[in-house]
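In each ligand, atom 1 is the first atom listed, and ligand 1 is the first ligand listed. On a predicted model such as this, the values are computed, not experimentally measured, just so you know. Scope of the values below: all heavy atoms of this structure, side chains included, with no hydrogens, waters or symmetry mates.
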Amino acid sequence: MKNYKKILAETILSSGVELELDEIEAMIEAPKDETMGDYAFPCFRLAKVLRKAPQIIAEELAKNLIENSIFDKVENVGGYVNVHIPRADFISGVIDKFAEEGEKFFESNEGNGKKVIVEFSSPNIAKPFHIGHIRSTVIGNSINNLYKTMGYDVVRINHLGDYGTQFGKMICAYRKWGNEEDVKAEPIKTLLKYYTKFHEEAEKNPELEDEAREIFVKLENGEKEEVALWQWFRDESLKEFSRVYNMLGIEFDSYAGESFYSDKMDAVLDELNAKNLLEESKGAMIVDLEKYDMTPALVKKSDGSTLYITRDIAAAIYRKNTYDFYKNIYVVASQQNLHFQQWFKIIELMGYDWAKDCYHVPFGLVSLKEGTMSTRKGRVVFLEDVLNGAVEKTKTIIEEKGVSTEDIDEVSKKVGIGAVVFNELANNRIKDYVFDWDKVLNFDGETGPYVQYTYARGCSLMRKAGEKICENIKANPLEYIDCSLISDDESFAVVKLIYNMNNVIKDATDKHEPSVLTRYIVDIAQAFNRFYNKKRVVVEDEKQTASNIAIVYLATCAIKKGLSILGIEAPERM
Ligand code: ARG
């Protein structure tokens, strides 16, 4: 289809403006107020070169454009040349392109199959999969989908926290106060109880900490009993995590967590040593980072056990060797900023130029109304409970409304879970927020259910229009519609948003910021609802109906695609 921006730039160039075509194109803006036009070319920069007032330049340019271009309306407004594109022509271009490309319309080949690792979720074994983890899980999943949409080959890694001194504590607590039946009945909640008790007791009796440390060293050395308990905790935990991932429709390509790297520790330490980066400090091994304004990184404790950071270094090297990634992305809370800065620097000091291809994508804290969450104190909200609660509440709302859906359970699931996910992705990821049941489950306003409902409304309009019209619109739209019938402000606004959607997807990908897309989908839904409120869609006149349905079809496809990138389902009936 025609590229109106380019055409505008070319026309401006041909009127003798002394700038490069690219420069002109880059200068073209979108007017703040849509009624002012579709494009605006500011003349202020030219004013200096031409030594003329911008208004005069704009006036002259506008005159020339009116005579020599395809644009509908060209105006000089305060030093800007404002341009309206020919609506029917534009709309038919979009509709035709969409009929040809289908979903590809929203996608891109920018990635060209390059490999991008997105590490996300990464909960800790034997600890609750709580509401704090939903952020990494949901943001990571949508970043993964964004890269896929941009044509990258994505590897989804769940770097499970399945290793470390806390397992010494857990095993220690289990042996002292635990019993098998309780763990089997409710694994994570029970293990959490032991873990909480451990910390209470350790406050009174600090020797417990030493005991736990010894147990972890045994685990690292592969002692049978410790390994067996650890394996059991891991299996039980994974079962619980999988339940949550199934509810969210999220899959991983690899669950290589921290324990996976336990046999790769010596090699890392040797390499650090060979590269003169290792120093001894009170019996422990550190990498000094003072020169870079960071605290030293402790990579091996004095008792010989390794640490979280050592495993991250090993994991990064392993990933480079295994996947030869183009980008290696970590979706992890901003509390770990220093941790990532430290080990990215260490990788760089080791001489790996791919250190620059590693990205930490941080996000803000979730707290509860009662204060920050604390696993140690047992103050957590379980993600599974949140999701189930949302589904339940949705079901009640649907029942109260008296809407008759055959598959009320299915719809409640899609809408309830969708509400939680959408809420997560609605704001800039870096913002801290307070988790609030009422807000998450608020079904009015700019929420997931609102967008899903808009989608369902579109689907219902298409059902009402009938299969024949819909099939025609999907296969050969331009034969059946008249774009001059859908050139009104409301229809045009919908098409314009959809036309621009792939730029928004690119922007969201580049910024690792799904909320850019979330907000855009709300914009589309709002534009669609204005369209829907303004005109009757299914009318007597078949050509008018078909033309309206073309808009409905575009909008529903865009919303569905957008939601799917966010990891949210779109029910056809609600
Ligand atoms: N398991 C950690 C936690 O729950 C997150 C792991 C982040 N990923 C990493 N490669 N360090 O806090």
Pick one: which of Y261, F233, F216 meets ring pair (Phe, Tyr, Trp, His ring centres under 6.0 Å) with Y163?
-> F216
Test item, H133 contacting ligand 1 (heavy atom, 4.0 angstrom) = yes
Note: F363 and I139 closest approach over all heavy atoms is CB-CD1, 3.9 Å
E119 neighbourhood, listing ligand 1 atoms whose heavy-atom distance to it stays under 4.0 Å | 7 (C), 8 (N), 9 (C), 10 (N)
With heavy atoms of D312 as the reference, note each atom of ligand 1 found under 4.0 Å away.
-> 9 (C), 10 (N), 11 (N)
May I ask you to establish whether K115 and F325 are in a cation-pi arrangement, using a distance under 6.0 Å from NZ or CZ to the six-membered ring centre and at most 45° from the ring axis?
-> no
Check each of D510, V516, L517 against E513 using the side-chain contact (heavy atoms from CB on, under 4.5 Å) test, and report the only one that passes.
-> V516
Any idea which of W343, Y308, Y330, F120 brings a heavy atom closest to atom 6 (C) of ligand 1?
-> Y308
So, for L298 and A284, which heavy atoms are closest and what is the spacing to 0.1 Å?
-> CD1-CB, 3.6 Å
Looking only at distance, does S122 have an N or O less than 3.5 Å from an N or O of ligand 1?
-> yes
Among Q336, R311, H159, closest by heavy atom to atom 12 (O) of ligand 1 is Q336
Using a strict 4.0 Å cut-off to heavy atoms of N124, name the atoms of ligand 1 that fall inside it.
-> 1 (N), 2 (C), 3 (C), 4 (O)
F167 vs W230 aromatic rings, parallel, tilted or perpendicular, using cut-offs 30° and 60°?
-> perpendicular
Atoms in ligand 1 flagged as close to V332, the criterion being non-hydrogen separation under 4.0 Å = 7 (C), 8 (N)
